[in-house]
Amino acid sequence: MRVLLTGGTGYIGSHTAAALAARGHHIVLLDNFSNSERDVPARLQALTGQSFPLIEADIRDTETLTRALRDHEIDAVIHFAALKAVGESEADPLLYYEMNILGTIRLLQAMQAANVAHIVFSSSATVYGQPDSSPILEDFPTRVENIYGRTKLVMEDLIRDLARTNKLSGAANLRYFNPVGAHPSALIGETPRGVPNNLMPYLTQVATGERPHLNIFGNDYNTPDGTGVRDYIHVMDLAEAHALALEHIFANNVSITVNLGTGEGTSVLQLVRAFARATGREIKTLIAPRRPGDVASYYANPALAEKLFGWKAKLSVLDMCRDSWRWQAKRAGINDVQV
Ligand code: NAD
Ligand code: UDP
(Lines give C-alpha, C1' and ligand atoms only; values in the text may rest on other atoms or scores of the structure.)
(Ligands and ions follow the chains in the order given, each with its own letter.)
Protein backbone atom coordinates (compact mmCIF):
# COMPACT_ATOMS: atom_id res chain seq x y z
CA MET A 1 0.00 0.00 0.00
CA ARG A 2 1.04 3.61 -0.49
CA VAL A 3 0.36 5.34 2.81
CA LEU A 4 0.58 9.02 3.78
CA LEU A 5 1.35 9.69 7.46
CA THR A 6 0.31 13.14 8.71
CA GLY A 7 2.54 13.96 11.67
CA GLY A 8 4.76 11.22 10.31
CA THR A 9 7.99 12.60 11.79
CA GLY A 10 6.53 12.73 15.32
CA TYR A 11 6.94 10.17 18.08
CA ILE A 12 4.29 7.59 17.18
CA GLY A 13 4.28 8.46 13.46
CA SER A 14 7.99 7.75 13.01
CA HIS A 15 7.76 4.35 14.70
CA THR A 16 4.72 3.50 12.61
CA ALA A 17 6.59 4.53 9.45
CA ALA A 18 9.33 2.03 10.33
CA ALA A 19 6.79 -0.73 11.09
CA LEU A 20 4.90 -0.16 7.83
CA ALA A 21 8.10 -0.04 5.78
CA ALA A 22 9.17 -3.36 7.33
CA ARG A 23 5.90 -4.86 6.08
CA GLY A 24 6.59 -3.70 2.53
CA HIS A 25 4.41 -0.59 2.39
CA HIS A 26 5.52 2.61 0.68
CA ILE A 27 5.42 5.56 3.08
CA VAL A 28 5.12 9.31 2.49
CA LEU A 29 5.62 11.57 5.52
CA LEU A 30 3.81 14.88 5.93
CA ASP A 31 4.65 17.21 8.79
CA ASN A 32 5.06 20.90 9.63
CA PHE A 33 7.82 20.12 12.18
CA SER A 34 6.00 22.01 14.90
CA ASN A 35 6.90 19.20 17.31
CA SER A 36 9.49 17.05 15.57
CA GLU A 37 13.03 17.09 14.27
CA ARG A 38 14.01 17.60 10.66
CA ASP A 39 16.43 14.71 10.52
CA VAL A 40 13.79 12.06 11.34
CA PRO A 41 13.41 10.96 7.68
CA ALA A 42 17.19 10.46 7.46
CA ARG A 43 17.19 8.48 10.70
CA LEU A 44 14.32 6.35 9.40
CA GLN A 45 16.32 5.70 6.26
CA ALA A 46 19.33 4.64 8.33
CA LEU A 47 17.06 2.30 10.29
CA THR A 48 15.21 0.67 7.42
CA GLY A 49 17.39 1.17 4.33
CA GLN A 50 14.36 2.71 2.60
CA SER A 51 13.78 6.32 1.66
CA PHE A 52 10.84 8.27 3.05
CA PRO A 53 9.59 11.10 0.84
CA LEU A 54 8.70 14.10 2.98
CA ILE A 55 6.16 16.85 2.39
CA GLU A 56 6.64 19.83 4.66
CA ALA A 57 3.11 21.16 5.03
CA ASP A 58 0.38 21.98 7.49
CA ILE A 59 -2.67 19.72 7.53
CA ARG A 60 -4.90 22.79 7.20
CA ASP A 61 -3.51 23.36 3.68
CA THR A 62 -6.09 21.36 1.69
CA GLU A 63 -4.58 22.23 -1.68
CA THR A 64 -1.09 20.94 -0.83
CA LEU A 65 -2.60 17.88 0.80
CA THR A 66 -4.77 17.07 -2.22
CA ARG A 67 -1.78 17.43 -4.52
CA ALA A 68 0.36 15.22 -2.29
CA LEU A 69 -2.31 12.50 -2.21
CA ARG A 70 -2.63 12.57 -5.99
CA ASP A 71 1.05 12.94 -6.88
CA HIS A 72 2.08 10.06 -4.63
CA GLU A 73 -0.93 7.91 -5.62
CA ILE A 74 -1.81 7.41 -1.98
CA ASP A 75 -4.12 4.51 -1.02
CA ALA A 76 -4.68 5.37 2.64
CA VAL A 77 -3.85 7.94 5.33
CA ILE A 78 -2.78 7.53 8.94
CA HIS A 79 -3.58 10.77 10.73
CA PHE A 80 -1.22 11.52 13.65
CA ALA A 81 -0.81 15.30 13.26
CA ALA A 82 -2.33 17.12 16.19
CA LEU A 83 -1.58 19.26 19.20
CA LYS A 84 -1.64 17.05 22.29
CA ALA A 85 -1.02 19.03 25.51
CA VAL A 86 -4.03 19.02 27.84
CA GLY A 87 -2.94 22.15 29.75
CA GLU A 88 -2.28 24.10 26.56
CA SER A 89 -5.69 23.07 25.21
CA GLU A 90 -7.40 24.54 28.26
CA ALA A 91 -5.34 27.74 27.92
CA ASP A 92 -6.12 28.16 24.21
CA PRO A 93 -9.23 26.22 23.14
CA LEU A 94 -9.52 27.91 19.74
CA LEU A 95 -5.97 26.89 18.84
CA TYR A 96 -6.91 23.25 19.53
CA TYR A 97 -10.21 23.50 17.62
CA GLU A 98 -8.33 24.94 14.67
CA MET A 99 -5.34 22.61 14.58
CA ASN A 100 -7.11 19.41 15.52
CA ILE A 101 -10.72 19.72 14.37
CA LEU A 102 -10.37 22.12 11.44
CA GLY A 103 -7.10 20.42 10.45
CA THR A 104 -8.89 17.07 10.32
CA ILE A 105 -11.75 18.52 8.27
CA ARG A 106 -9.24 19.93 5.79
CA LEU A 107 -7.50 16.57 5.56
CA LEU A 108 -10.80 14.75 5.01
CA GLN A 109 -11.70 17.25 2.28
CA ALA A 110 -8.38 16.62 0.57
CA MET A 111 -8.91 12.87 0.82
CA GLN A 112 -12.36 13.19 -0.74
CA ALA A 113 -10.99 15.35 -3.56
CA ALA A 114 -8.24 12.82 -4.25
CA ASN A 115 -10.48 9.76 -3.85
CA VAL A 116 -8.60 8.39 -0.86
CA ALA A 117 -11.16 6.55 1.23
CA HIS A 118 -9.29 4.80 4.06
CA ILE A 119 -8.04 6.45 7.25
CA VAL A 120 -6.52 5.36 10.53
CA PHE A 121 -6.84 7.98 13.24
CA SER A 122 -4.85 8.58 16.46
CA SER A 123 -7.44 8.80 19.17
CA SER A 124 -6.85 8.48 22.87
CA ALA A 125 -8.13 6.80 26.02
CA THR A 126 -8.77 10.36 27.19
CA VAL A 127 -12.17 10.07 25.47
CA TYR A 128 -13.31 7.85 28.39
CA GLY A 129 -12.68 10.70 30.88
CA GLN A 130 -12.99 9.39 34.43
CA PRO A 131 -14.21 5.84 33.73
CA ASP A 132 -16.51 4.12 36.21
CA SER A 133 -14.25 1.07 36.23
CA SER A 134 -11.34 -0.68 34.50
CA PRO A 135 -10.62 -2.61 32.32
CA ILE A 136 -12.22 -0.23 29.85
CA LEU A 137 -14.20 -1.55 26.90
CA GLU A 138 -14.86 0.39 23.70
CA ASP A 139 -18.57 0.70 24.46
CA PHE A 140 -17.99 2.47 27.78
CA PRO A 141 -19.49 5.98 27.78
CA THR A 142 -17.25 8.74 26.44
CA ARG A 143 -16.79 11.87 28.54
CA VAL A 144 -15.15 15.19 27.85
CA GLU A 145 -12.88 16.40 30.65
CA ASN A 146 -10.78 18.92 28.77
CA ILE A 147 -10.49 20.64 25.39
CA TYR A 148 -7.90 18.19 24.07
CA GLY A 149 -10.27 15.30 24.85
CA ARG A 150 -13.14 17.19 23.25
CA THR A 151 -11.15 17.53 20.00
CA LYS A 152 -10.35 13.79 19.96
CA LEU A 153 -14.00 12.91 20.39
CA VAL A 154 -15.14 15.35 17.69
CA MET A 155 -12.49 14.02 15.27
CA GLU A 156 -13.61 10.44 15.97
CA ASP A 157 -17.23 11.47 15.30
CA LEU A 158 -16.33 13.20 12.03
CA ILE A 159 -14.61 10.05 10.82
CA ARG A 160 -17.43 7.75 11.96
CA ASP A 161 -19.99 10.03 10.24
CA LEU A 162 -18.10 9.92 6.95
CA ALA A 163 -17.80 6.15 7.15
CA ARG A 164 -21.54 5.81 7.97
CA THR A 165 -22.45 7.94 4.95
CA ASN A 166 -20.04 6.00 2.70
CA LYS A 167 -17.72 8.96 2.11
CA LEU A 168 -15.01 6.78 3.61
CA SER A 169 -14.74 3.08 2.78
CA GLY A 170 -12.69 2.12 5.81
CA ALA A 171 -11.76 3.85 9.07
CA ALA A 172 -10.06 2.95 12.33
CA ASN A 173 -10.27 5.15 15.42
CA LEU A 174 -7.45 3.84 17.58
CA ARG A 175 -7.69 4.78 21.26
CA TYR A 176 -4.15 4.69 22.64
CA PHE A 177 -3.58 4.20 26.33
CA ASN A 178 -0.12 5.41 27.53
CA PRO A 179 2.54 5.09 24.79
CA VAL A 180 6.14 4.91 26.05
CA GLY A 181 9.45 3.42 24.91
CA ALA A 182 11.43 3.92 21.74
CA HIS A 183 12.86 1.91 18.87
CA PRO A 184 15.48 -0.44 20.37
CA SER A 185 18.07 1.04 17.99
CA ALA A 186 17.69 4.40 19.83
CA LEU A 187 17.57 6.07 16.41
CA ILE A 188 14.03 7.33 16.91
CA GLY A 189 12.08 8.16 20.06
CA GLU A 190 10.08 10.80 21.85
CA THR A 191 11.45 14.35 22.05
CA PRO A 192 9.28 16.37 24.40
CA ARG A 193 9.98 20.10 24.31
CA GLY A 194 10.60 21.79 27.65
CA VAL A 195 9.65 20.09 30.89
CA PRO A 196 7.91 16.78 30.12
CA ASN A 197 4.35 16.36 31.39
CA ASN A 198 4.33 12.59 31.09
CA LEU A 199 5.81 10.18 33.56
CA MET A 200 8.27 8.18 31.43
CA PRO A 201 10.07 11.11 29.75
CA TYR A 202 10.31 12.87 33.11
CA LEU A 203 11.65 9.74 34.78
CA THR A 204 14.31 9.18 32.11
CA GLN A 205 15.42 12.80 32.45
CA VAL A 206 15.87 12.26 36.19
CA ALA A 207 17.96 9.20 35.31
CA THR A 208 20.24 11.24 33.04
CA GLY A 209 20.65 13.90 35.74
CA GLU A 210 18.81 16.56 33.74
CA ARG A 211 16.21 16.81 36.54
CA PRO A 212 16.90 16.33 40.26
CA HIS A 213 13.98 14.10 41.21
CA LEU A 214 10.62 12.74 40.13
CA ASN A 215 7.53 14.18 41.78
CA ILE A 216 5.03 11.42 42.40
CA PHE A 217 1.66 13.09 42.05
CA GLY A 218 -0.23 11.60 44.97
CA ASN A 219 0.23 8.39 46.99
CA ASP A 220 -3.21 8.35 48.57
CA TYR A 221 -5.27 7.09 45.63
CA ASN A 222 -7.49 4.08 45.99
CA THR A 223 -4.95 1.83 44.23
CA PRO A 224 -2.81 -1.04 45.60
CA ASP A 225 0.13 1.23 46.54
CA GLY A 226 -1.69 4.58 46.52
CA THR A 227 -0.07 5.89 43.31
CA GLY A 228 -1.78 6.35 39.94
CA VAL A 229 -2.25 3.30 37.73
CA ARG A 230 -2.00 3.43 33.93
CA ASP A 231 -1.78 1.05 30.99
CA TYR A 232 1.66 1.73 29.48
CA ILE A 233 2.15 0.41 25.97
CA HIS A 234 5.43 0.12 24.07
CA VAL A 235 5.48 2.35 20.99
CA MET A 236 6.79 -0.60 18.92
CA ASP A 237 3.66 -2.59 19.79
CA LEU A 238 1.55 0.46 19.01
CA ALA A 239 3.25 0.89 15.63
CA GLU A 240 2.55 -2.74 14.76
CA ALA A 241 -1.12 -2.23 15.69
CA HIS A 242 -1.38 0.61 13.14
CA ALA A 243 -0.09 -1.63 10.38
CA LEU A 244 -2.51 -4.44 11.24
CA ALA A 245 -5.50 -2.09 11.69
CA LEU A 246 -4.77 -0.40 8.36
CA GLU A 247 -4.47 -3.71 6.51
CA HIS A 248 -7.74 -4.85 8.16
CA ILE A 249 -9.84 -1.82 7.21
CA PHE A 250 -8.34 -1.76 3.72
CA ALA A 251 -9.07 -5.42 3.04
CA ASN A 252 -12.56 -5.43 4.60
CA ASN A 253 -13.87 -1.87 4.08
CA VAL A 254 -15.01 -1.51 7.67
CA SER A 255 -15.14 1.23 10.28
CA ILE A 256 -13.83 0.32 13.73
CA THR A 257 -13.10 1.96 17.08
CA VAL A 258 -10.53 0.05 19.09
CA ASN A 259 -8.54 0.31 22.33
CA LEU A 260 -4.77 -0.11 22.11
CA GLY A 261 -3.32 -1.03 25.46
CA THR A 262 -1.76 -4.04 27.13
CA GLY A 263 -4.64 -4.64 29.52
CA GLU A 264 -2.27 -4.39 32.49
CA GLY A 265 -2.24 -1.58 35.01
CA THR A 266 1.11 -0.33 36.37
CA SER A 267 1.42 2.15 39.23
CA VAL A 268 3.92 5.02 39.35
CA LEU A 269 5.90 3.22 42.06
CA GLN A 270 5.89 -0.03 40.09
CA LEU A 271 7.20 1.81 37.05
CA VAL A 272 9.98 3.46 39.07
CA ARG A 273 11.01 0.04 40.42
CA ALA A 274 10.83 -1.57 37.00
CA PHE A 275 13.03 1.20 35.61
CA ALA A 276 15.70 0.52 38.25
CA ARG A 277 15.56 -3.21 37.48
CA ALA A 278 15.77 -2.72 33.72
CA THR A 279 18.50 -0.07 33.71
CA GLY A 280 20.37 -0.30 37.01
CA ARG A 281 19.50 3.37 37.67
CA GLU A 282 17.74 4.33 40.89
CA ILE A 283 15.35 7.26 40.60
CA LYS A 284 15.08 9.81 43.37
CA THR A 285 11.40 10.42 44.09
CA LEU A 286 9.41 12.86 46.22
CA ILE A 287 5.75 12.57 47.06
CA ALA A 288 3.91 15.61 45.74
CA PRO A 289 0.24 16.62 45.78
CA ARG A 290 -2.17 15.00 43.35
CA ARG A 291 -2.19 16.55 39.87
CA PRO A 292 -5.54 18.21 39.19
CA GLY A 293 -7.70 16.21 36.80
CA ASP A 294 -5.78 12.94 37.25
CA VAL A 295 -7.71 9.68 37.37
CA ALA A 296 -6.65 7.12 40.03
CA SER A 297 -6.57 4.15 37.70
CA TYR A 298 -7.35 3.17 34.19
CA TYR A 299 -6.37 0.39 31.86
CA ALA A 300 -7.72 -1.15 28.68
CA ASN A 301 -9.52 -4.27 27.79
CA PRO A 302 -7.63 -4.80 24.50
CA ALA A 303 -9.51 -7.94 23.39
CA LEU A 304 -11.29 -6.28 20.46
CA ALA A 305 -8.03 -5.47 18.66
CA GLU A 306 -7.02 -9.11 18.90
CA LYS A 307 -10.41 -10.30 17.70
CA LEU A 308 -10.58 -7.88 14.75
CA PHE A 309 -7.03 -7.83 13.46
CA GLY A 310 -5.03 -10.27 15.53
CA TRP A 311 -3.05 -7.72 17.49
CA LYS A 312 -1.81 -8.15 21.03
CA ALA A 313 0.92 -6.20 22.83
CA LYS A 314 4.06 -8.32 23.21
CA LEU A 315 6.55 -6.08 25.03
CA SER A 316 6.78 -5.78 28.81
CA VAL A 317 7.14 -2.84 31.16
CA LEU A 318 10.83 -3.79 31.50
CA ASP A 319 11.22 -3.54 27.71
CA MET A 320 9.53 -0.14 27.81
CA CYS A 321 11.90 1.11 30.53
CA ARG A 322 15.01 -0.28 28.81
CA ASP A 323 14.19 1.26 25.42
CA SER A 324 13.09 4.61 26.87
CA TRP A 325 16.37 4.74 28.77
CA ARG A 326 18.53 3.81 25.75
CA TRP A 327 16.96 6.63 23.78
CA GLN A 328 17.16 9.29 26.50
CA ALA A 329 20.69 8.29 27.55
CA LYS A 330 21.91 8.54 23.96
CA ARG A 331 20.38 11.99 23.62
CA ALA A 332 22.03 13.07 26.85
CA GLY A 333 25.41 11.83 25.56
CA ILE A 334 25.67 8.99 28.08
CA ASN A 335 27.56 6.25 26.30
CA ASP A 336 28.01 3.56 28.95
CA VAL A 337 24.46 2.23 28.59
CA GLN A 338 24.70 -1.51 29.23
CA VAL A 339 21.11 -2.60 28.81
P1 NAD B 1 4.02 14.21 18.27
O2 NAD B 1 3.83 15.64 18.64
O3 NAD B 1 5.35 13.59 18.49
O4 NAD B 1 3.60 13.99 16.74
C5 NAD B 1 2.67 14.81 16.09
C6 NAD B 1 3.32 15.32 14.83
O7 NAD B 1 2.38 16.14 14.12
C8 NAD B 1 4.54 16.18 15.09
O9 NAD B 1 5.60 15.73 14.27
C10 NAD B 1 4.10 17.60 14.70
O11 NAD B 1 5.17 18.36 14.16
C12 NAD B 1 3.03 17.31 13.66
N13 NAD B 1 1.99 18.33 13.55
C14 NAD B 1 1.29 18.92 14.54
N15 NAD B 1 0.41 19.79 14.04
C16 NAD B 1 0.54 19.75 12.68
C17 NAD B 1 -0.11 20.40 11.61
N18 NAD B 1 -1.06 21.34 11.83
N19 NAD B 1 0.26 20.11 10.34
C20 NAD B 1 1.24 19.19 10.11
N21 NAD B 1 1.89 18.54 11.09
C22 NAD B 1 1.54 18.81 12.37
O23 NAD B 1 2.88 13.40 19.02
P24 NAD B 1 2.69 11.83 19.19
O25 NAD B 1 2.91 11.50 20.62
O26 NAD B 1 3.42 11.11 18.14
O27 NAD B 1 1.13 11.75 18.94
C28 NAD B 1 0.60 11.41 17.67
C29 NAD B 1 -0.91 11.40 17.77
O30 NAD B 1 -1.30 10.48 18.80
C31 NAD B 1 -1.53 12.74 18.17
O32 NAD B 1 -2.73 12.90 17.45
C33 NAD B 1 -1.82 12.57 19.64
O34 NAD B 1 -2.90 13.37 20.06
C35 NAD B 1 -2.17 11.09 19.70
N36 NAD B 1 -1.97 10.49 21.02
C37 NAD B 1 -0.74 10.56 21.62
C38 NAD B 1 -0.55 10.00 22.87
C39 NAD B 1 0.79 10.08 23.56
O40 NAD B 1 0.84 9.88 24.79
N41 NAD B 1 1.89 10.35 22.89
C42 NAD B 1 -1.62 9.37 23.52
C43 NAD B 1 -2.85 9.30 22.88
C44 NAD B 1 -3.01 9.86 21.62
N1 UDP C 1 2.96 11.21 37.18
C2 UDP C 1 3.76 11.49 38.26
N3 UDP C 1 4.80 12.37 38.09
C4 UDP C 1 5.07 12.98 36.91
C5 UDP C 1 4.24 12.68 35.80
C6 UDP C 1 3.19 11.80 35.97
O7 UDP C 1 3.55 10.97 39.36
O8 UDP C 1 6.00 13.80 36.83
C9 UDP C 1 1.86 10.22 37.33
C10 UDP C 1 0.48 10.75 37.02
O11 UDP C 1 -0.12 11.32 38.16
C12 UDP C 1 -0.25 9.49 36.53
C13 UDP C 1 0.88 8.67 35.86
O14 UDP C 1 2.10 9.18 36.39
O15 UDP C 1 -0.72 8.74 37.63
C16 UDP C 1 0.91 8.81 34.34
O17 UDP C 1 0.93 10.19 33.99
P18 UDP C 1 1.11 10.66 32.49
O19 UDP C 1 1.06 12.16 32.48
O20 UDP C 1 2.31 10.02 31.89
O21 UDP C 1 -0.16 10.04 31.74
P22 UDP C 1 -1.72 10.38 31.89
O23 UDP C 1 -1.97 10.87 33.27
O24 UDP C 1 -2.00 11.42 30.87
O25 UDP C 1 -2.41 9.10 31.63
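Both ligands and their constituent atoms are indexed starting at 1 by order of listing.
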May I ask you to say whether [X] pairs ionically with [Y], meaning some side-chain N is under 4.0 Å from a carboxylate O?
X	Y	result
Asp161	Lys167	no
Glu240	Lys314	no
Arg67	Asp61	no
Glu98	Arg60	yes

If you measure every N/O of [X] against every N/O of ligand 1, is any gap under 3.5 Å?
X	answer
Asp31	yes
Arg60	no
Leu30	no
Gly10	yes
Ser34	yes
Tyr11	yes

Do other residues, nucleotides or ligands put more than 12 heavy atoms under 6.0 Å from the CD atom of Glu63?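 Check fails, neighbour count at 12 or below.
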Looking at Glu264, I want to see if its CD is surrounded by more than 12 non-hydrogen atoms of other residues, nucleotides or ligands under 6.0 Å.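 Atom CD in Glu264 is not crowded, with 12 or fewer foreign heavy atoms closer than 6.0 Å.
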Between Leu108 and Ile119, does the side-chain contact (heavy atoms from CB on, under 4.5 Å) criterion hold? Intermediate values first, please. CA-CA 9 Å; Leu108 291 166; Ile119 188 167; 4.1 Å; yes
Among all protein heavy atoms, pick the one closest to [atom] and tell me residue, atom and distance.
atom	answer
atom 3 (N) of ligand 2	Asn215 O, 2.7 Å
atom 17 (C) of ligand 1	Asn32 ND2, 3.3 Å
atom 18 (P) of ligand 2	Asn198 ND2, 3.5 Å
atom 40 (O) of ligand 1	Pro179 CD, 3.3 Å
atom 9 (C) of ligand 2	Val268 CG2, 3.7 Å
atom 25 (O) of ligand 1	Lys84 NZ, 2.7 Å
atom 17 (O) of ligand 2	Arg291 NH2, 3.4 Å
atom 15 (O) of ligand 2	Gly228 CA, 3.5 Å
atom 12 (C) of ligand 2	Arg230 NH2, 3.7 Å

Could you tell me how the ring of His248 sits relative to the ring of Phe309: parallel (under 30°), tilted (30 to 60°) or perpendicular (over 60°)?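 If you compare the ring of His248 with that of Phe309, the planes turn out tilted.
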On the 0 to 90° scale, with breaks at 30° and 60°, tag the His242-Phe80 ring pair as parallel, tilted or perpendicular.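 Ring orientation of His242 relative to Phe80: tilted.
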For Gln270 and Arg273, run side chain to side chain donor-acceptor pair (under 3.5 Å): C-alpha distance rounded to whole Å, both residues' side-chain angles, the deciding distance at 0.1 Å, then the answer. CA-CA 5 Å; Gln270 282 174 322; Arg273 279 198 290 273; over 6 Å; no
Test applied, side chain to side chain donor-acceptor pair (under 3.5 Å); reference residue, Asp231; option that passes from Thr262, Thr266, Asn178: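 The side chain to side chain donor-acceptor pair (under 3.5 Å) with Asp231 is passed solely by Thr262 among Thr262, Thr266, Asn178.
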Looking at Lys152, Glu156, His79, which hits side chain to side chain donor-acceptor pair (under 3.5 Å) with Ser123?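 It is Glu156; the other options fail the test.
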Run down the list [options] and name the one with the heavy atom closest to [atom].
atom	options	answer
atom 6 (C) of ligand 2	Val295, Leu199, Leu286	Leu199
atom 27 (O) of ligand 1	Ile12, Leu260, Asp58	Ile12
atom 30 (O) of ligand 1	Tyr176, Phe80, Tyr232	Tyr176
atom 4 (C) of ligand 2	Tyr221, Phe217, Tyr148, Phe177	Phe217

With heavy atoms under 4.0 Å as the rule, classify the contact between [X] and ligand 1 as side chain, backbone, both or neither.
X	value
Phe33	backbone
His79	neither
Ala125	neither

Polar contacts were defined as any N/O atom of the residue lying under 3.5 Å from an N/O atom of the ligand; does this apply to Tyr298 and ligand 2?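 N/O-N/O distance under 3.5 Å: yes.
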Does Leu214 reach ligand 2 with a nitrogen or oxygen that is under 3.5 Å from one of the ligand's nitrogen or oxygen atoms?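 For ligand 2, there is no N or O atom that lies under 3.5 Å from one belonging to Leu214.
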Could you list the atoms of ligand 2 found under 4.0 angstrom from a heavy atom of Ile216?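 Listed by number with element: 7 (O).
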Go through ligand 2 atom by atom and flag the ones less than 4.0 Å from a non-hydrogen atom of Asn197.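 Taking each heavy atom of Asn197 in turn, ligand 2 has 5 (C), 19 (O) under 4.0 Å.
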Any heavy atom of Arg175 sitting closer than 4.0 Å to ligand 1?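 No.
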Is the closest heavy-atom distance from Ser14 to ligand 1 below 4.0 Å?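 Checking ligand 1 against Ser14, which is what was asked, there is no heavy-atom contact under 4.0 Å.
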Quick one: does ligand 2 sit under 4.0 Å from the side chain of [X], the backbone, both or neither, non-hydrogen atoms only?
X	result
Asn178	side chain
Tyr232	side chain
Asp294	side chain

Pair Arg43-Val40, side-chain contact (heavy atoms from CB on, under 4.5 Å): steps then yes or no: CA-CA 5 Å; Arg43 284 190 256 143; Val40 168; 3.8 Å; yes
Looking only at the side chains, is there a donor atom on one of Asn146 and Tyr96 sitting less than 3.5 Å from an acceptor on the other?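 Absent: no donor and acceptor within the cut-off.
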Side-chain donor-acceptor contact under 3.5 Å, Arg331 with Gln328: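 Their side chains do not contain a donor-acceptor pair, so the 3.5 Å distance test is not met.
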One pair to check against side-chain contact (heavy atoms from CB on, under 4.5 Å): Phe250 and Val3. What are the steps and the verdict? CA-CA 11 Å; Phe250 202 79; Val3 190; over 6 Å; no
Out of all atoms in ligand 1, which are within 4.0 Å of some heavy atom of Ser124? Include the element for each.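 Listed by number with element: 43 (C), 44 (C).
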